[in-house]
Amino acid sequence: MKEIFDGIKTAVKDIAQALKYSDFGYTANQNATGDTQLKLDVLSDEIITKTLSKINLVKELVSEEKEKALKVSGDGEYIVAYDPLDGSSLVDVNFAVGSIFGIYKGSLNPANLVASVYSVYGPRTELVIAKDKVELFRLDKQGDFAFASELRLKEKGKLNATGGLQKGWDEKHKNLIKSLFDEGYRLRYSGAMVSDLHQILLKGGGLFSYPATSDAPKGKLRLSFEVLPFAFIYELAGGYAVDNEGKRLLEINLEKVHQTSPCYFGSKYEIDKVKACLA
Ligand code: AHM
Ligand code: MG
(Lines give C-alpha, C1' and ligand atoms only; values in the text may rest on other atoms or scores of the structure.)
(Ligands and ions follow the chains in the order given, each with its own letter.)
Protein backbone atom coordinates (compact mmCIF):
# COMPACT_ATOMS: atom_id res chain seq x y z
CA MET A 1 0.00 0.00 0.00
CA LYS A 2 3.02 2.31 0.49
CA GLU A 3 3.19 2.73 -3.28
CA ILE A 4 -0.38 4.05 -3.32
CA PHE A 5 0.34 6.47 -0.46
CA ASP A 6 3.47 7.67 -2.31
CA GLY A 7 1.43 8.22 -5.50
CA ILE A 8 -1.13 10.23 -3.53
CA LYS A 9 1.67 12.33 -1.98
CA THR A 10 3.03 13.15 -5.46
CA ALA A 11 -0.41 14.09 -6.78
CA VAL A 12 -1.16 16.22 -3.71
CA LYS A 13 2.08 18.19 -4.14
CA ASP A 14 1.22 18.81 -7.81
CA ILE A 15 -2.32 19.94 -6.96
CA ALA A 16 -0.96 22.29 -4.25
CA GLN A 17 1.20 23.93 -6.94
CA ALA A 18 -1.66 24.09 -9.46
CA LEU A 19 -3.87 25.80 -6.88
CA LYS A 20 -1.34 28.58 -6.44
CA TYR A 21 -1.13 29.71 -10.03
CA SER A 22 -3.68 28.04 -12.35
CA ASP A 23 -6.85 29.61 -13.73
CA PHE A 24 -9.76 28.94 -11.34
CA GLY A 25 -12.60 29.75 -13.72
CA TYR A 26 -15.45 27.41 -14.66
CA THR A 27 -15.62 25.01 -17.62
CA ALA A 28 -18.81 24.59 -19.68
CA ASN A 29 -19.26 21.02 -18.37
CA GLN A 30 -21.14 19.35 -15.52
CA ASN A 31 -20.00 16.31 -13.54
CA ALA A 32 -22.05 13.19 -12.73
CA THR A 33 -23.90 14.93 -9.87
CA GLY A 34 -24.74 17.99 -11.94
CA ASP A 35 -22.15 20.43 -10.50
CA THR A 36 -20.55 22.72 -13.08
CA GLN A 37 -16.89 21.76 -13.14
CA LEU A 38 -14.16 24.26 -12.44
CA LYS A 39 -10.98 24.09 -14.51
CA LEU A 40 -9.23 23.17 -11.26
CA ASP A 41 -11.61 20.22 -10.64
CA VAL A 42 -10.69 18.84 -14.06
CA LEU A 43 -6.97 19.55 -13.65
CA SER A 44 -6.85 17.95 -10.17
CA ASP A 45 -8.68 14.90 -11.52
CA GLU A 46 -6.18 14.63 -14.38
CA ILE A 47 -3.21 14.91 -12.01
CA ILE A 48 -4.55 12.12 -9.79
CA THR A 49 -5.55 9.88 -12.71
CA LYS A 50 -2.13 10.27 -14.32
CA THR A 51 -0.26 9.49 -11.10
CA LEU A 52 -2.38 6.64 -9.73
CA SER A 53 -2.90 4.86 -13.05
CA LYS A 54 0.86 4.16 -13.12
CA ILE A 55 0.68 2.18 -9.89
CA ASN A 56 0.44 -1.53 -10.53
CA LEU A 57 -1.47 -2.23 -7.28
CA VAL A 58 -4.39 -0.12 -8.52
CA LYS A 59 -6.96 -1.68 -10.83
CA GLU A 60 -9.69 0.97 -10.87
CA LEU A 61 -10.22 4.66 -10.20
CA VAL A 62 -13.50 6.20 -9.10
CA SER A 63 -13.72 9.99 -9.14
CA GLU A 64 -16.28 12.67 -8.35
CA GLU A 65 -15.40 14.11 -11.75
CA LYS A 66 -15.85 10.88 -13.73
CA GLU A 67 -19.23 9.42 -14.55
CA LYS A 68 -18.10 5.80 -14.28
CA ALA A 69 -15.29 3.83 -12.66
CA LEU A 70 -12.15 3.84 -14.81
CA LYS A 71 -10.28 0.57 -15.27
CA VAL A 72 -6.52 1.16 -15.34
CA SER A 73 -3.73 -1.11 -16.50
CA GLY A 74 -2.59 -2.29 -13.05
CA ASP A 75 -3.34 -5.86 -12.09
CA GLY A 76 -3.56 -5.25 -8.33
CA GLU A 77 -6.56 -5.53 -6.03
CA TYR A 78 -7.12 -1.92 -5.10
CA ILE A 79 -9.74 0.62 -6.13
CA VAL A 80 -9.02 4.24 -5.25
CA ALA A 81 -12.14 6.43 -5.01
CA TYR A 82 -11.41 10.14 -4.73
CA ASP A 83 -12.79 13.65 -4.68
CA PRO A 84 -9.97 15.49 -6.49
CA LEU A 85 -10.80 18.93 -5.10
CA ASP A 86 -13.39 19.11 -2.35
CA GLY A 87 -14.75 22.59 -1.73
CA SER A 88 -13.44 23.80 -5.09
CA SER A 89 -16.08 26.54 -5.34
CA LEU A 90 -14.22 28.22 -2.44
CA VAL A 91 -10.90 28.59 -4.27
CA ASP A 92 -11.97 32.03 -5.57
CA VAL A 93 -12.31 33.29 -1.97
CA ASN A 94 -8.99 31.66 -1.03
CA PHE A 95 -10.43 29.28 1.59
CA ALA A 96 -8.76 25.98 2.44
CA VAL A 97 -9.85 23.08 0.21
CA GLY A 98 -8.65 19.48 -0.06
CA SER A 99 -8.58 16.10 -1.80
CA ILE A 100 -10.14 12.93 -0.34
CA PHE A 101 -9.14 9.33 -1.13
CA GLY A 102 -10.72 6.02 -0.09
CA ILE A 103 -8.69 2.88 -0.77
CA TYR A 104 -10.84 -0.24 -1.22
CA LYS A 105 -9.55 -3.80 -1.59
CA GLY A 106 -11.46 -5.99 -4.05
CA SER A 107 -14.73 -4.17 -4.68
CA LEU A 108 -16.30 -0.82 -3.88
CA ASN A 109 -17.98 -1.67 -0.60
CA PRO A 110 -17.59 0.02 2.81
CA ALA A 111 -16.45 -3.26 4.40
CA ASN A 112 -13.53 -3.30 1.92
CA LEU A 113 -12.26 0.16 2.83
CA VAL A 114 -8.71 -0.50 4.07
CA ALA A 115 -7.27 3.01 4.27
CA SER A 116 -8.22 6.66 3.74
CA VAL A 117 -6.18 9.73 2.99
CA TYR A 118 -7.03 13.39 2.69
CA SER A 119 -5.08 16.55 2.04
CA VAL A 120 -5.77 20.13 3.06
CA TYR A 121 -4.48 22.99 0.90
CA GLY A 122 -4.48 25.93 3.31
CA PRO A 123 -1.71 28.25 4.44
CA ARG A 124 0.19 24.93 4.68
CA THR A 125 -0.28 21.72 2.76
CA GLU A 126 -1.22 18.88 5.10
CA LEU A 127 -1.89 15.20 4.62
CA VAL A 128 -3.75 12.81 6.90
CA ILE A 129 -3.21 9.09 6.39
CA ALA A 130 -5.45 6.59 8.16
CA LYS A 131 -4.58 2.94 8.07
CA ASP A 132 -3.90 1.42 11.49
CA LYS A 133 -3.98 4.85 13.13
CA VAL A 134 -4.68 8.40 11.98
CA GLU A 135 -1.53 10.40 11.33
CA LEU A 136 -1.00 14.01 10.31
CA PHE A 137 1.89 15.10 8.05
CA ARG A 138 2.93 18.59 6.93
CA LEU A 139 4.74 19.47 3.72
CA ASP A 140 8.14 20.90 4.69
CA LYS A 141 10.56 23.23 2.88
CA GLN A 142 12.31 20.28 1.28
CA GLY A 143 9.05 19.12 -0.28
CA ASP A 144 8.61 16.12 2.03
CA PHE A 145 5.61 15.24 4.16
CA ALA A 146 7.00 15.29 7.70
CA PHE A 147 5.13 13.46 10.47
CA ALA A 148 3.46 15.95 12.84
CA SER A 149 1.21 13.96 15.21
CA GLU A 150 -1.24 11.14 15.71
CA LEU A 151 -4.86 12.37 15.73
CA ARG A 152 -7.40 11.23 18.36
CA LEU A 153 -10.84 12.59 19.12
CA LYS A 154 -11.85 13.40 22.70
CA GLU A 155 -15.20 12.21 24.11
CA LYS A 156 -16.79 15.61 23.59
CA GLY A 157 -15.95 18.69 21.57
CA LYS A 158 -17.03 22.32 21.21
CA LEU A 159 -17.63 22.83 17.48
CA ASN A 160 -20.77 22.48 15.39
CA ALA A 161 -20.63 22.48 11.58
CA THR A 162 -23.73 21.75 9.56
CA GLY A 163 -24.58 22.05 5.87
CA GLY A 164 -27.54 22.27 3.52
CA LEU A 165 -30.11 25.03 3.27
CA GLN A 166 -31.71 25.61 6.67
CA LYS A 167 -35.13 26.11 5.09
CA GLY A 168 -34.88 22.48 3.91
CA TRP A 169 -33.99 20.95 7.31
CA ASP A 170 -36.56 18.79 9.10
CA GLU A 171 -37.66 19.43 12.71
CA LYS A 172 -35.40 16.74 14.20
CA HIS A 173 -32.25 18.13 12.62
CA LYS A 174 -33.25 21.70 13.57
CA ASN A 175 -33.76 20.66 17.20
CA LEU A 176 -30.45 18.80 17.32
CA ILE A 177 -28.50 21.80 15.99
CA LYS A 178 -30.32 24.25 18.26
CA SER A 179 -29.73 22.14 21.35
CA LEU A 180 -25.98 21.97 20.63
CA PHE A 181 -25.84 25.77 20.28
CA ASP A 182 -27.90 26.12 23.48
CA GLU A 183 -25.25 24.02 25.25
CA GLY A 184 -22.53 26.43 24.11
CA TYR A 185 -21.19 24.84 20.92
CA ARG A 186 -19.56 27.24 18.46
CA LEU A 187 -20.55 27.46 14.81
CA ARG A 188 -17.65 26.56 12.49
CA TYR A 189 -18.64 25.92 8.88
CA SER A 190 -16.57 26.89 5.85
CA GLY A 191 -18.41 24.93 3.15
CA ALA A 192 -15.53 22.55 2.40
CA MET A 193 -16.19 19.29 4.27
CA VAL A 194 -12.53 18.39 4.17
CA SER A 195 -11.55 21.57 6.06
CA ASP A 196 -14.52 21.46 8.43
CA LEU A 197 -13.90 17.82 9.37
CA HIS A 198 -10.16 18.52 9.66
CA GLN A 199 -10.82 21.37 12.08
CA ILE A 200 -13.03 19.19 14.30
CA LEU A 201 -10.48 16.36 14.24
CA LEU A 202 -7.57 18.63 15.15
CA LYS A 203 -9.49 20.52 17.85
CA GLY A 204 -10.43 17.22 19.45
CA GLY A 205 -14.16 16.90 18.73
CA GLY A 206 -17.54 18.32 17.84
CA LEU A 207 -20.14 17.55 15.21
CA PHE A 208 -20.06 17.83 11.41
CA SER A 209 -23.34 17.08 9.70
CA TYR A 210 -24.83 17.23 6.25
CA PRO A 211 -28.49 16.30 6.77
CA ALA A 212 -31.29 15.09 4.54
CA THR A 213 -33.06 18.21 3.24
CA SER A 214 -36.40 18.73 1.52
CA ASP A 215 -34.69 19.19 -1.86
CA ALA A 216 -32.07 16.47 -1.25
CA PRO A 217 -33.72 13.76 0.92
CA LYS A 218 -30.66 11.53 0.51
CA GLY A 219 -28.24 14.33 1.39
CA LYS A 220 -25.62 15.87 -0.86
CA LEU A 221 -22.35 14.23 0.09
CA ARG A 222 -21.25 11.19 -1.87
CA LEU A 223 -20.41 7.94 -0.12
CA SER A 224 -17.55 6.38 -2.12
CA PHE A 225 -15.15 9.31 -2.03
CA GLU A 226 -16.43 11.77 0.59
CA VAL A 227 -18.52 10.18 3.34
CA LEU A 228 -16.99 6.69 3.71
CA PRO A 229 -13.31 7.75 3.69
CA PHE A 230 -14.10 10.22 6.49
CA ALA A 231 -16.25 7.67 8.37
CA PHE A 232 -13.21 5.36 8.36
CA ILE A 233 -10.95 8.17 9.63
CA TYR A 234 -13.34 9.33 12.37
CA GLU A 235 -13.90 5.80 13.70
CA LEU A 236 -10.17 5.06 13.68
CA ALA A 237 -9.58 8.30 15.62
CA GLY A 238 -12.03 7.16 18.30
CA GLY A 239 -15.10 8.93 16.92
CA TYR A 240 -18.33 7.89 15.23
CA ALA A 241 -20.01 8.35 11.84
CA VAL A 242 -23.72 7.66 11.33
CA ASP A 243 -26.55 8.40 8.90
CA ASN A 244 -29.83 10.19 9.73
CA GLU A 245 -31.22 7.00 11.30
CA GLY A 246 -28.22 6.66 13.58
CA LYS A 247 -26.86 3.71 11.60
CA ARG A 248 -23.14 3.24 11.13
CA LEU A 249 -22.19 4.69 7.74
CA LEU A 250 -19.55 1.99 7.25
CA GLU A 251 -22.37 -0.59 7.16
CA ILE A 252 -24.39 1.17 4.46
CA ASN A 253 -25.33 -0.65 1.28
CA LEU A 254 -23.34 0.99 -1.52
CA GLU A 255 -25.02 0.34 -4.84
CA LYS A 256 -23.92 3.21 -7.06
CA VAL A 257 -20.65 5.06 -7.51
CA HIS A 258 -22.22 8.50 -6.94
CA GLN A 259 -24.71 7.43 -4.23
CA THR A 260 -25.21 10.02 -1.47
CA SER A 261 -26.23 9.79 2.18
CA PRO A 262 -27.09 12.19 5.00
CA CYS A 263 -24.15 12.04 7.41
CA TYR A 264 -23.12 12.91 10.97
CA PHE A 265 -19.49 12.71 12.14
CA GLY A 266 -18.32 13.45 15.65
CA SER A 267 -17.09 12.38 19.00
CA LYS A 268 -19.02 10.16 21.40
CA TYR A 269 -21.06 12.80 23.17
CA GLU A 270 -22.33 14.46 20.00
CA ILE A 271 -23.17 11.22 18.17
CA ASP A 272 -25.08 9.91 21.22
CA LYS A 273 -27.05 13.12 21.01
CA VAL A 274 -27.60 12.68 17.23
CA LYS A 275 -29.02 9.21 17.87
CA ALA A 276 -31.30 10.47 20.65
CA CYS A 277 -32.58 13.46 18.63
CA LEU A 278 -33.06 11.72 15.30
CA ALA A 279 -34.58 8.50 16.65
P1 AHM B 1 -17.79 19.59 -3.84
O2 AHM B 1 -17.13 18.25 -3.73
O3 AHM B 1 -18.37 19.83 -5.21
O4 AHM B 1 -16.92 20.71 -3.41
O5 AHM B 1 -19.12 19.57 -2.91
C6 AHM B 1 -19.06 19.11 -1.59
C7 AHM B 1 -19.13 20.25 -0.61
C8 AHM B 1 -18.64 19.83 0.74
O9 AHM B 1 -17.28 20.08 0.85
C10 AHM B 1 -19.42 20.71 1.66
O11 AHM B 1 -19.60 20.15 2.92
C12 AHM B 1 -20.72 20.88 0.93
O13 AHM B 1 -20.45 20.64 -0.44
C14 AHM B 1 -21.25 22.26 1.07
O15 AHM B 1 -22.54 22.32 0.60
P16 AHM B 1 -23.56 23.48 1.09
O17 AHM B 1 -23.06 24.73 0.44
O18 AHM B 1 -24.87 23.02 0.55
O19 AHM B 1 -23.52 23.57 2.59
MG1 MG C 1 -16.53 17.11 -2.41
Side-chain angles (χ1 to χ4, degrees), residues 4-55 58-72 74 78-92 94-104 108 113 115-122 125-130 139 145 190-198 210 220-230 232-233 256-260:
I4 301 179
F5 293 148
D6 287 346
I8 290 174
K9 286 179 188 170
T10 304
V12 162
K13 286 187 228 172
D14 290 349
I15 294 171
Q17 280 306 311
L19 280 168
K20 289 198 171 102
Y21 309 110
S22 300
D23 181 348
F24 54 74
Y26 281 92
T27 67
N29 309 320
Q30 289 191 336
N31 67 13
T33 12
D35 308 320
T36 303
Q37 291 175 309
L38 283 147
K39 291 178 190 164
L40 277 170
D41 288 322
V42 177
L43 181 59
S44 305
D45 187 39
E46 285 169 1
I47 290 172
I48 296 169
T49 305
K50 193 170 137 230
T51 314
L52 295 189
S53 57
K54 285 188 207 140
I55 297 171
V58 178
K59 63 171 179 182
E60 218 171 280
L61 297 174
V62 166
S63 164
E64 178 175 317
E65 306 305 336
K66 298 187 203 303
E67 186 124 13
K68 289 191 227 139
L70 174 75
K71 293 241 181 293
V72 292
Y78 295 97
I79 302 170
V80 182
Y82 61 91
D83 179 350
L85 200 57
D86 181 67
S88 55
S89 66
L90 298 173
V91 172
D92 59 351
N94 209 15
F95 273 24
V97 296
S99 308
I100 311 167
F101 304 83
I103 303 167
Y104 299 80
L108 196 68
L113 193 51
S116 292
V117 179
Y118 69 85
S119 57
V120 180
Y121 312 105
T125 299
E126 295 187 327
L127 192 75
V128 170
I129 301 183
L139 192 60
F145 281 105
S190 73
M193 76 176 297
V194 78
S195 313
D196 292 326
L197 281 161
H198 187 59
Y210 201 104
K220 170 183 181 187
L221 298 177
R222 288 136 295 207
L223 285 158
S224 326
F225 40 78
E226 292 178 319
V227 173
L228 295 173
F230 268 109
F232 183 89
I233 292 166
K256 284 185 275 171
V257 164
H258 294 280
Q259 188 177 326
T260 61

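Predicted model, so just to flag it, every value in this text is computed and none were measured.
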Interatomic spacing from OG1 in Thr125 to NZ in Lys9 - rounded to 0.5 Å: 14.0 Å

Close side-chain approach of Phe101 to Ile48, heavy-atom, < 4.5 Å: yes

Min side-chain heavy-atom separation Met193-Ile100 under 4.5 Å: yes

Side chain proximity check, Ser224 to Leu108, heavy atoms < 4.5 angstrom: yes

Shortest non-hydrogen separation from Val58 to Val72 and the atoms involved: O-CG2, 3.3 Å

Side chain proximity check, Tyr78 to Ile55, heavy atoms < 4.5 angstrom: no

Side chains of Thr260 and Lys220 in contact at under 4.5 Å (non-hydrogen atoms): no

Interatomic distance, Glu65 atom CD to Glu46 atom CD [nearest 0.5 angstrom]: 10.5 Å

Contact summary for Ser89 and Leu38, nearest pair of heavy atoms: N-CD1, 3.8 Å

Spacing of CD belonging to Gln30 relative to CD belonging to Gln37, to within rounding of 0.5 Å: 9.0 Å

Side-chain donor or acceptor of Ser119 paired with backbone N/O of Ser99 under 3.5 Å: yes

Minimum-distance pair of heavy atoms, taken over all atoms of Gly87 and Val97: O-CG1, 3.2 Å

Taking every non-hydrogen atom, the tightest pair across Ser190 and Asp196: N-OD1, 2.8 Å

Side chain to side chain contact (heavy atoms under 4.5 Å, CB included) assessment of Ser22 paired with Leu43: CA-CA 9 Å; Ser22 300; Leu43 181 59; 3.8 Å; yes

Full working for side chain to side chain contact (heavy atoms under 4.5 Å, CB included) between Leu40 and Ser88: CA-CA 7 Å; Leu40 277 170; Ser88 55; 5.7 Å; no

Working for side chain to side chain contact (heavy atoms under 4.5 Å, CB included), residues Leu127 and Val117: CA-CA 7 Å; Leu127 192 75; Val117 179; 3.8 Å; yes

Residue pair Leu90 / Gly191: nearest heavy atoms and the distance that separates them: CD1-C, 3.6 Å

Backbone N/O of Ile47 and side chain of Asp14: donor-acceptor pair under 3.5 Å: no

Flag if over 12 foreign heavy atoms under 6.0 Å of CZ, Phe95: no

Ser44 side chain vs Ile15 backbone, donor-acceptor pair below 3.5 Å: no

Asn31 and Asp41, any side-chain heavy atoms less than 4.5 Å apart: no

Closest contact, heavy atoms only, Phe232 versus Ala115: CE2-CA, 3.7 Å

Side chain Thr33, main chain Asp35, donor-acceptor under 3.5 Å: no

Close aromatic pair by centroid cut-off 6.0 Å: Phe225 and His258: yes

Results of side-chain contact (heavy atoms from CB on, under 4.5 Å) for Asp92 - residues two or more places apart only: Phe24

Step-by-step side chain to side chain contact (heavy atoms under 4.5 Å, CB included) determination, Ile129 to Phe145: CA-CA 11 Å; Ile129 301 183; Phe145 281 105; over 6 Å; no

Enclosure of Asn94 CG (heavy-atom neighbours >12, cutoff 6.0 Å): no

Step-by-step side-chain hydrogen bond (donor to acceptor under 3.5 Å, both in side chains) determination, Ser116 to Tyr118: CA-CA 7 Å; Ser116 292; Tyr118 69 85; over 6 Å; no

